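Remarks on the structure that follows.
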Amino acid sequence: MMPQALRRVLPQILTLAAVVMLVTLVFPTFLSISVSDGRLVGPVIDILKRGAPIGLLAIGMTLVIASRGIDLSVGTVMAICGAVAATAIVNGWGLGPALLLALAAGLAAGLWNGFLVAVIGIQPIVATLILMTAGRGIAQLITEGRILTFSHPGLAFLGSGSLFGIPVPALLWLAAAIAVTLLMRRTALGLLIEAIGVNRRASALAGVNARVLLIAVYMASGLCAAVAGLIATADIRGADANNAGLWLELDAILAVVIGGNSLMGGRFSIAASVLGALIIQTIDTGILLAGFPSEYNLVLKAALVIIILILQSPRLAADWQLWRRSRSGLSGSHAAATPKPKESLR
Amino acid sequence: MLLSVQSLTKTFPGTRALDGVDFELAAGEVHALLGENGAGKSTLIKCLTGAYRRDAGEIRLEGARISPRSTSEAQELGIGTVYQEVNLLPNLTVAQNLAFGREPRRFGLVDGRAMRAMARETLMGYGLDIDVGRDLGCYSVAIQQIIAIARAVALSGKVLILDEPTASLDAREVEMLFDVVRGLRDRGLGIVFVSHFLDQVFALSDRVTVLRNGQKVVTEATRDLDRVRLIEHMLGRVLEDEVVAQAAGHGAGAPIRPELLRAEGLGRRGMIEPFDLRVGVGEVIGLAGLLGSGRTESAELLFGVRAAQTGTARDADGEIDLSSPRTAIAAGFGFAPEDRKTDGIVGDLSVRENIALALQARRGWTRPMSRAEQVRLAKDYIARLDIRTSDAEKPVGQLSGGNQQKVILARWLAMNPRFLILDEPTRGIDVGAHAEILHLIRELTSGGMSILIVSSELDELIAVSDRVIVVRDRRHVAELTGAEISTETIVRAIAEEDAA
Amino acid sequence: MKLNGLLATAAALALTAGAASAQTVGFSQIGSESGWRAAETTLTKQQAEERGIDLKFSDAQQKQENQIAAIRSFVAQGVDAILLAPVVATGWDSVLEEAQEAEIPVVLLDRQVDSSDDLYLTAVGSDLVHEGNVAGQWLVETVGDKECRVVELQGTTGSSPAIDRANGFRQAIEGHDNIEIVRSQTGDFTRAQGKEVMESFLQAENGGKDICALYAHNDDMAVGAIQAIKEAGLNPGEDILIVSIDAVPDIFQAMADGDANATVELTPNMAGPAFDALAAYWADGTMPPKFIQTESKLYTQADDPMGQYEAKKGLGY
């Protein structure tokens with residue numbers, strides 16, 4: 001069981017190691033970690049902390065994509081939940097209600113998406129596009145169009161506090177990743193979600209409650225986005241409805257893809273998606289640390305992502321195997337019949 | 001001979017879709033191609049039009065060997081096709097559709113006037129006087145069909161394949177289309193006509209070829225055939241020896257069985273007229289009928305795939321909720337659907353997971369089956385049903401059709417259902433697996449399970465059923481028990497429509 | 001707020017021209033995409049009220065066609081002048097000609113158009129290069145001869161405020177070799193990006209100990225950066241000097257707390273100078289210059305930041 005799970009995420013671990021090495025080349029003190037005021041400080045710690053929103057979104061997105069869906073609204077839901085929390089805090093309702101309201105807003109957004117997809121039968125990309133577009137307006141209505149600043153130490157703690165020297169956002173996404181993985185693999189949820197992702201109709205005929213599961217999956221995504229939104233809002237001590245989580249849904253989808261999960265649904269690995277998120281965040285932070293002019297940021301990121309995706313593509317892996325075997329065949333022993341790369345009918 | 005096909009063979013993983021099929025088409029004839037789902041009609045057509053590459057055999061057009069590699073290549077060779085769904089562009093004008101890809105040009109630009117004149121002239125030849133400058137989408141499906149035919153004839157001009165062209169037309173439109181087809185025949189085209197409406201076959205075709213299970217059953221002149229013979233050919237009648245031997249048991253005086261459940265007035269508009277059904281404990285009920293008669297629809301209502309609008313089902317304990325598959329499963333029902341690939345297997349998941357799926361779904365997500373439990377279950381059924389797979393972790397999509405069917409059976413047997421519905425359980429399955437599945441059905445009923453089997457293979461129905469219900473025109477029209485069950489009685493019940 | 005805007009538009013369209021003895025001015029606003037623009041709307045209404053001008057307000061929701069429709073309706077109502085904050089620079093010729101034919105003067109607010117300058121009376125706006133220059137001059141005066149390594153948080157890459165504010169700052173520090181811009185990266189004008197990029201600056205510059213000052217192209221990025229500096233255990237405003245542009249309320253709060261040092265105001269009061277120019281024009285036909293530059297006022301901790309915060313808080317930032 002364990003070695004198999006490890007083998008699944010090996011490409012992602014190798015990629016992450018390669019990206020880390022690359023960044024260390026241009027920024028030699030990248031791996032240095034020091035302790036200051038009882039908390040760990042260093043670029044790596046920054047990545048663990050900065051990677052929280054995209055890591056959390058990637059967890060929820062993995063489940064949605066496993067069900068053969070996609071959730072474009074998560075960036076916007078972050079903005080809504082941040083706005084809700086900040087409004088509650090500014091109005092003096094206290095930390096508890098603020099957090100609960102924000103999480104409830106995330107769940108409600110997920111319920112809406114799930115309803116459109118599972119009950120009405122709208123294509124996921126269209127259904128979630130609705131909230132993606134409309135949601136920023138909702139967030140702006142909540143904050144009345146300005147950055148809603150607060151100074152509540154409890155809420156700020158979520159963004160910039162630390163426990164045992166580790167930043168709270170890093171702990172939150174790690175905890176979420178472990179909890180969701182356990183929930184999926186220690187119950188039958190993982191199997192049932194994979195089944196509806198591969199063949200919803202056949203699963204429903206086998207008695208799987210596809211409709212409820214689909215709604216649950218979008219609600220989980222909404223909840224992850226809510227936590228991400230809380231962290232983003234707590235981080236800058238203000239709800240920025242215009243910019244919170246902007247375009248982050250695309251990074252989350254990218255993380256899931258770099259994690260080797262198929263956009264066609266089915267088999268999924270949360271650990272791999274989270275590693276994908278870390279890879280993206282390492283690239284982002286690495287580019288900032290490297291000190292290139294900002295015109296290069298997006299081009300560099302795109303170039304690195306393309307290289308990673310090409311290296312991970314199954315066809316290339318098969319060709320590589322073939323090439324290696326033919327080499328070993330030349331250098332002596334005849335390799336056994338080389339398996340052909342899998343052909344697909346479609 | 002205009003077109004001649006010899007020993008055409010095409011194999012897909014797990015199924016032999018075409019098995020040494022011969023087919024001939026003369027110039028100036030309409031040749032109907034008949035067969036149930038999966039008989040090989042569409043595979044044959046796709047080999048002719050270049051959509052599939054054949055594995056063996058040869059195709060000759062006007063004596064020359066051809067191997068079209070794409071539909072456009074087949075078109076250039078002279079083989080044009082018109083499908084059930086019009087495959088033209090509704091947002092272009094009629095003239096643009098007719099000229100698409102070969103527009104008349106003037107100084108390098110499309111000459112709109114010449115194009116429209118050409119289109120008008122072409123359509124006049126089909127007795128169609130319409131405004132060719134309007135969008136194709138403005139016209140009825142029948143007119144669009146004729147335009148599609150006109151385009152195919154203009155492009156190809158030797159062989160015209162009509163694949164279920166009348167499926168969405170009303171009677172008057174069908175007549176209009178037939179006039180066009182007859183006109184083309186008289187001009188010397190060879191026309192292949194695929195349809196499952198027997199009336200239309202008799203009205204239009206000169207010869208008929210029937211396919212079943214990937215093999216040619218017969219080619220005969222239409223006027224020499226009657227409806228009963230034709231249905232016999234389509235549904236098959238020659239029994240395999242083994243099955244006959246085992247079937248010999250039933251026939252004499254069916255035993256009185258305690259009733260398991262009773263459905264009354266179950267129906268849904270557009271699917272099936274309200275029907276009654278009694279199911280005895282340990283009984284096998286066969287549903288016979290042609291494609292589209294309502295046989296699959298009856299099965300789907302019983303399992304809640306589509307909810308019934310009228311009627312109820314009850315057992316000894318009271319009413320049974322059949323509003324969804326989940327409630328039907330809760331009532332102890334199981335259902336192996338006709339289309340295994342889209343409705344049955346979960347292709348990317350393993351054999352183990354596919355077998356455990358229904359059981360796990362019933363237990364709920366909070367009570368997962370341990371991996372060991374799943375492995376034991378899978379091993380058990382792989383041995384019991386002789387599922388041929390390298391191991392239980394292989395994705396089920398990589399198994400052959402027969403083994404996929406066994407995996408689905410295993411999924412339901414693991415649930416220990418009291419009533420199992422099997423829709424075409426042996427379609428596309430090789431002979432060995434076919435017999436095994438029939439064996440299994442008998443074995444299960446002797447253990448007290450009740451089974452409803454839908455099949456277009458008459459011999460199979462006759463072999464296993466205690467009772468056969470004949471479905472025609474969305475109605476249950478006859479019920480045959482014991483000694484009444486024979487090819488003749490069933491075929492007659494199916495064909496009766498004419499007599500009425 | 002949006003609802004108010006719509007109601008105001010409806011009211012403006014319902015009223016017919018020439019009813020009141022007071023001057024009537026139509027104002028076509030882009031929308032309310034930022035706090036600054038909301039403040040501009042609020043101040044324009046305030047200025048009109050103070051002068052007894054009847055202001056017809058129309059919110060274009062970021063759409064040029066809405067602005068053109070609003071101007072046409074203002075012309076039809078026969079207003080005495082039109083204020084226009086154009087959403088884009090091109091495509092205004094014909095509607096401006098219509099206003100000219102109706103002899104209604106048009107004043108552009110805070111953004112320019114590509115049309116010929118005789119189609120409008122004047123344009124009121126700030127000079128982005130000048131803003132950067134004021135910020136740079138403040139730094140030059142504050143650090144004197146001391147060595148100073150500056151990090152810069154730029155606006156959205158390629159946007160004109162980012163380019164002009166960067167250039168203005170560089171002009172000001174030119175010739176002062178003790179001041180050097182060591183790192184420059186975009187923070188996209190947002191608070192979150194400002195914080196994230198500042199964190200990387202701190203990591204890259206010896207935990208921030210090598211940084212003497214931060215120049216941020218807007219206050220929001222500066223507010224984010226201040227948090228990053230605090231979390232790195234440094235004291236913003238003392239260990240690292242902070243100068244930014246815009247003068248939104250939150251930066252005054254930071255200055256009052258001693259976390260920020262200076263900001264250059266991009267005044268939302270574009271209407272004041274516009275109304276002044278209009279008053280002179282109405283009185284005796286005085287033609288104002290074609291561009292009225294608003295003051296780019298520098299605020300420091302000495303300028304009663306708390307008072308400024310209170311004054312600005314209610315403007316809708």
Side-chain angles (χ1 to χ4, degrees), chain A residues 1-2 4-5 7-8 63 65-68 118-119 180-217 220 260-269 314 339-340 342-346, chain B residues 12-13 52 300 303-305 324-331 333-350 352-371 373-374 393 395-398 404 407-408 411-412 414-415 417 421 423:
Chain A
M1 181 91 187
M2 190 54 207
Q4 202 186 347
R7 199 173 330 135
R8 167 68 180 82
L63 300 183
I65 285 179
S67 76
R68 196 181 283 210
V119 181
V180 174
T181 305
L182 286 180
L183 183 68
M184 289 299 136
R185 297 306 172 193
R186 289 295 151 98
T187 71
L189 275 177
L191 170 67
L192 298 179
I193 290 171
E194 285 174 346
I196 59 172
V198 175
N199 191 339
R200 180 178 167 188
R201 201 176 144 74
S203 305
L205 287 178
V208 179
N209 201 339
R211 188 172 284 183
V212 167
L213 272 175
L214 275 179
I215 293 176
V217 156
N261 296 298
S262 164
L263 286 177
M264 298 302 292
R267 297 273 186 223
F268 69 91
S269 161
K340 278 186 219 158
K342 233 195 287 175
E343 279 179 44
S344 69
L345 279 169
R346 265 174 254 176
Chain B
F12 294 113
Y52 289 159
E300 287 187 346
F303 192 67
V305 179
S324 78
R326 285 172 58 75
T327 58
I329 291 168
F333 288 24
F335 176 55
E338 176 178 11
D339 191 334
R340 271 193 303 278
K341 227 181 201 84
T342 62
D343 301 348
I345 60 166
V346 183
D348 291 350
L349 297 194
S350 67
R352 164 179 61 85
E353 287 164 316
N354 267 278
I355 291 177
L357 187 61
L359 197 55
Q360 180 62 68
R362 186 169 67 183
R363 284 170 63 152
W365 63 273
T366 50
R367 291 172 53 221
M369 295 170 68
S370 72
R371 200 181 165 95
E373 224 176 321
Q374 293 181 20
E393 298 307 313
V396 75
Q398 294 176 17
Q404 290 179 357
V407 168
I408 293 169
R411 176 191 291 167
W412 291 114
M415 305 279 285
I421 302 165
D423 194 355

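Throughout, a chain's letter reflects where its sequence line sits, starting with A, and its residues are numbered from 1. Note that the structure is a prediction, hence the values are computed from the model and not measured.
Shown here are the ring-ring contact (aromatic ring centres under 6.0 Å, His included) partners of B:F303, two or more places apart in sequence or in another chain: B:F335, B:W412. For B:D343, the salt bridge (Lys or Arg N to Asp or Glu O under 4.0 Å) criterion is met by A:R201, not counting sequence neighbours.
Applying the salt bridge (charged side-chain N to carboxylate O under 4.0 Å, His left out) rule to pairs touching residues 358-367 of chain B yields B:R363-B:E373, sequence neighbours excluded.
With B:N354 contributing its side chain and B:L349 its backbone, the two residues share a donor-acceptor pair below 3.5 Å. At least one donor-acceptor pair closer than 3.5 Å links the side chain of A:N199 to the backbone N or O of B:T342. Judged by distance alone, with hydrogens and angles left aside, the side-chain atoms of B:R352 form no donor-acceptor pair with the main-chain N or O of B:R371 at under 3.5 Å. Under the 3.5 Å distance criterion, the side-chain polar atoms of B:E353 are matched with a main-chain donor or acceptor of B:S350.
Proximity to chain B at a heavy-atom threshold of 4.5 Å picks out A:G207, A:V208, A:N209 from residues 207-216 of chain A, in numerical order.
For A:R186, the part lying under 4.5 angstrom from a heavy atom of chain B is the backbone only. In this structure, chain A has a heavy atom under 4.5 Å from the backbone of B:I345, while its side chain stays farther away. Contacts of A:L192 with chain B are made by side-chain atoms alone, with heavy-atom separations under 4.5 Å and no backbone atom involved. Heavy atoms of A:A195 lying under 4.5 Å from chain B belong to its backbone as well as its side chain.
Side chains of A:I196 and A:V217 form no contact here, defined as non-hydrogen atoms less than 4.5 Å apart.
Interface remark: of the candidates B:V346, B:L359, B:T366, B:V346 forms the most heavy-atom pairs closer than 4.5 Å to chain A.
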